[in-house]
Amino acid sequence: EAEVAQSPRYKITEKSQAVAFWCDPISGHATLYWYRQILGQGPELLVQFQDESVVDDSQLPKDRFSAERLKGVDSTLKIQPAELGDSAMYLCASSLGDPSTDTQYFGPGTRLTVL
Amino acid sequence: AQSVSQHNHHVILSEAASLELGCNYSYGGTVNLFWYVQYPGQHLQLLLKYFSGDPLVKGIKGFEAEFIKSKFSFNLRKPSVQWSDTAEYFCAVNRGTNAGKSTFGDGTTLTVKP
């Protein structure tokens, strides 16, 4: 069964350092999502792509976060510089086409700890 | 902005007990509703979803949910839980517009005692 791949699974960094996360969605899925999940809370959407275009990044802290999906396939989320409050699980998900009705398939996540 | 409330943060049940997890949302227009589950050590996965039609939706593993529009609710139910249902459950809502952006609740942790 096809799965969403994410790497690394765990990342420990010091504040002010740069970090990057990678996501490879299920083949053929046009919509890709990056979520941040703080312990004890539900996933919060950071950015949503339709193919290579950003369709929603209203909750992305653009002063330090950036995301790209250059060829409309895999995606990278970057934080520079990292802050203590960025410690969280970063989840990637993908869906086939219509983001309002299609099932989102989640990856295992990247657990970020900022010291 | 839309919000999703899951009032039960942690539920503990014995096997064979009935389950109902609450989910309320704030948006008054047309909504699409989802329940996701995360078993220990596994990814978030879809349990069931509702777009239109019969407000009683059946999902995997014997779960069902009922959409009550007048109460802005989409509660999850299972008549008899098993130890293997121990997991975290998330309710999610999107409006069908706004690029289908989903808002998740904070989750309910279910512990089923054998």
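Everything numeric here is computed off the predicted structure, so don't read it as measured data. Here is how names work: the chains are called A, B, and so on, in the same order as the sequence lines, proteins then strands, and each is numbered from 1.
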Checklist entry - Among A:E3, A:Q41, A:E44, A:Q50, which has the most heavy-atom pairs under 4.5 Å with chain B? => result A:Q41

Item to check | Residue selection (most heavy-atom pairs with chain B, distance under 4.5 Å) from A:S95, A:A93, A:G107, A:G109 | outcome: A:G107

Chain B contact via [X] - which portion, at a heavy-atom distance below 4.5 Å:
| X | value |
| --- | --- |
| A:T31 | neither |
| A:Q59 | side chain |
| A:L91 | side chain |

Checklist outcome for this item: Ranked by heavy-atom pairs below 4.5 Å to chain A, first place among B:H9, B:K49, B:H43 goes to B:H43

Next on the checklist: Check this for me: does any side-chain nitrogen of one of A:D51 and A:R69 sit under 4.0 Å from a carboxylate oxygen of the other?
Outcome noted: no

Item to check | With B:Y89, the ring pair (Phe, Tyr, Trp, His ring centres under 6.0 Å) member among B:F34, B:W35, B:F63, B:F104 | outcome: B:F63

Next on the checklist: Tell me every residue that passes side-chain contact (heavy atoms from CB on, under 4.5 Å) with B:Q82, counting only those two or more places apart in sequence or in another chain.
Outcome noted: B:E15, B:K78, B:S84, B:D85

Next on the checklist: Taking side-chain contact (heavy atoms from CB on, under 4.5 Å) as the definition, give me every residue that meets it alongside A:L115, ordered by chain and number, with sequence neighbours left out.
Outcome noted: A:I12, A:T113

Next on the checklist: Regarding A:Y35 and A:Q48, do their side chains bring together a donor and an acceptor under 3.5 Å, going by distance alone?
Outcome noted: no

